[in-house]
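Report on the following structure.
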Amino acid sequence: MNGRLLAPNMEGFEAASTIWNGMIQKKPALIAQVANTQDVQAAVNLAREYGLLTSIKGGGHSIAGKALTDGGLTIDCSMMQGTAVDVDSRSAFVEPGVLLGGVDVATQKYGLATPAGVVSHTGAAGLTLGGGFGKLSRTHGLTSDNVRSIELVTADGEFRRATVSENPDLFWGLRGAGANFGVVTQFEYQLHQVGNTFLHGGAMHNIKDAQQVLEFWGELVASVPYEVDMSLSIIMFPNGKGFANISGFYFGDPAEGEKSLEPIMTYGKPMNVNFTAKDYVEMQKETDRNVPHGQQYYQKTGFFTEIGPDLAAVVGEMTKNPKPFTQTINFTQVGGMINELAPDATAYPNREAEVSMVM
C-alpha cells in the first residue's frame with residue numbers, strides 16, 4: 001500500500017477511529033488509510049477474501065456512525081485530498097477525503113460553486129451520495145444532481161466509471177441512495193458561475209414566540225422565488241430560555257435580495273436583525289461552531305410539503321417543556337430546482353418536499 005494499514009495498537013489508530021459524533025464508539029480490527037485507487041482495490045480485495053464487514057470513511061461526519069465498523073475493516077479515505085478545477089468546462093474533480101470547505105475554497109477562486117451543505121467540515125463524499133442540499137440548491141438542485149461522473153471501486157475490486165451513458169444504472173443509484181455501491185475515488189461536479197458575495201443574515205425572536213414565528217415562516221416559504229433560501233432554527237436551553245432565528249439567503253444581486261428578504265427583516269418584534277453582503281466561503285463556515293466535533297449527537301429528521309398549524313402547535317408545546325440538555329429544531333427550505341427533476345430521475349427520494357426538519 002502507498003497509504004497506511006493501522007491495527008489497534010499502532011500510532012494513529014485512535015485518531016483514525018474517532019469521528020464527528022462523539023456518541024459513536026466503534027473499534028475496527030484494521031483501518032486501511034488509502035492514498036489512491038490501487039490502495040482502495042487492495043483493501044476491497046482483502047475485505048472480500050476474508051469476509052470482513054467493511055465500512056468507508058470519507059470526512060467522518062456520518063451521524064449514524066456508518067464510517068466505522070466493529071471488528072471489521074474501515075477503509076479511510078482521508079488521505080485522498082485531491083481537488084482540481086477546470087474553468088473552461090466548469091468542472092471540479094474531487095477525491096473522497098475532501099471536506100466541503102475545501103471544495104468551496106477551490107471553486108470560489110474563480111467565482112464558481114456547486115450546491116453543497118452548510119457545515120464546512122462535512123465530507124463531500126458522504127453528503128453527495130445521500131443527495132446533499134445547501135443554499136444554492138433551490139437554484140441549482142441537489143449536490144448529487146450536479147455530479148457529472150463518479151469513479152469508484154466496486155465489491156469485486158474492479159475500477160469503474162459511472163455517467164449517464166457509462167454504467168447508467170450504477171450512476172442512478174450513486175446519486176442519492178447512499179453507501180453500499182462501492183468506494184468512490186473521484187467525483188466530477190458541475191460548477192456554476194455564481195460570484196463571491198451574497199446577501200445573508202437573520203432575525204432572532206424570543207422563544208415564547210416560536211409557534212407564531214414558525215407559522216409565519218411556513219407561510220412565507222410557500223411564496224418566495226427560487227433565488228431565496230430560508231431556514232428557521234429553534235433553540236431551547238435547559239433553563240427554559242432560548243430563541244427562534246429566521247435566516248435568509250439570496251442568490252443574486254444583494255440589492256435585489258433586500259426586497260425578497262424584507263418580510264423577514266420587518267416581521268414581529270425581533271430581538272436582533274442582521275443582514276449584510278457576505279463572502280460565500282465565510283458564510284459557508286457560519287454553522288460550524290454550532291456543530292463541533294466530539295459532542296454526542298442524537299437526531300431525527302423528516303420532510304414536509306408544508307408547515308401546518310398542528311405541527312406548529314406541537315413545536316410550541318415543546319418550547320414550554322425544557323429538558324436537561326439543549327434541544328434544537330432546524331427547519332430548512334428545500335424545493336425549487338430540487339423538485340424540478342422527475343422523482344425517478346435519480347435514487348434520491350422526497351422530490352416533492354418543501355421543508356426538511358432536523359431535531
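No hydrogens, no waters, no symmetry mates; every other heavy atom, side chains included, goes into these values.
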Would you say the side chains of S233 and N330 form a donor-acceptor pair under 3.5 Å?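 There is such a pair (donor and acceptor under 3.5 Å, judged by atom type) between the side chains of S233 and N330.
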For D229 and Q333, does a side-chain donor sit closer than 3.5 Å to a side-chain acceptor?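 Note: D229 and Q333 side chains miss the donor-acceptor criterion.
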List in chain and number order the residues that pass side-chain contact (heavy atoms from CB on, under 4.5 Å) with [X], two or more places apart in sequence or in another chain; answer none if no residue qualifies.
| X | value |
| --- | --- |
| K208 | N206 |
| E306 | none |
| P225 | E227, V228, S260 |
| E188 | S91, F93, R148, S149, R161 |

How long is the span from the CD1 atom in I63 to the CE atom in M23, to the nearest 0.5 Å?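 The CE atom of M23 is 8.0 Å from CD1 of I63, to the nearest 0.5 Å.
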Taking the six-membered ring for Trp and the full ring for Phe, Tyr or His, determine whether the centres of Y267 and W217 are under 6.0 Å apart.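 So the answer is no for these two rings.
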Assess the pair Y250 and F198: is the distance between their ring centroids shorter than 6.0 Å?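 No - the distance between ring centres of Y250 and F198 does not fall below the 6.0 Å cut-off.
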If a pair satisfies salt bridge (charged side-chain N to carboxylate O under 4.0 Å, His left out) and one of its residues is in residues 243-267, list it, with sequence neighbours excluded.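 Non-adjacent pairs meeting salt bridge (charged side-chain N to carboxylate O under 4.0 Å, His left out): E256-K259.
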Per the side chain to side chain donor-acceptor pair (under 3.5 Å) rule, which among T143, N146, T128, T114 passes with Y189?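 For Y189, the side chain to side chain donor-acceptor pair (under 3.5 Å) check succeeds only for T128.
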Name all pairs fulfilling the side-chain hydrogen bond (donor to acceptor under 3.5 Å, both in side chains) condition that reach into residues 55-70, sequence neighbours left out, sorted by first residue then second.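 Counting only pairs at least two positions apart or across chains, the side-chain hydrogen bond (donor to acceptor under 3.5 Å, both in side chains) contacts touching residues 55-70 are S55-T74, H61-H121.
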Answer yes or no: are there more than 12 heavy-atom neighbours, outside Y50 itself, under 6.0 Å from its atom OH?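 Check fails, neighbour count at 12 or below.
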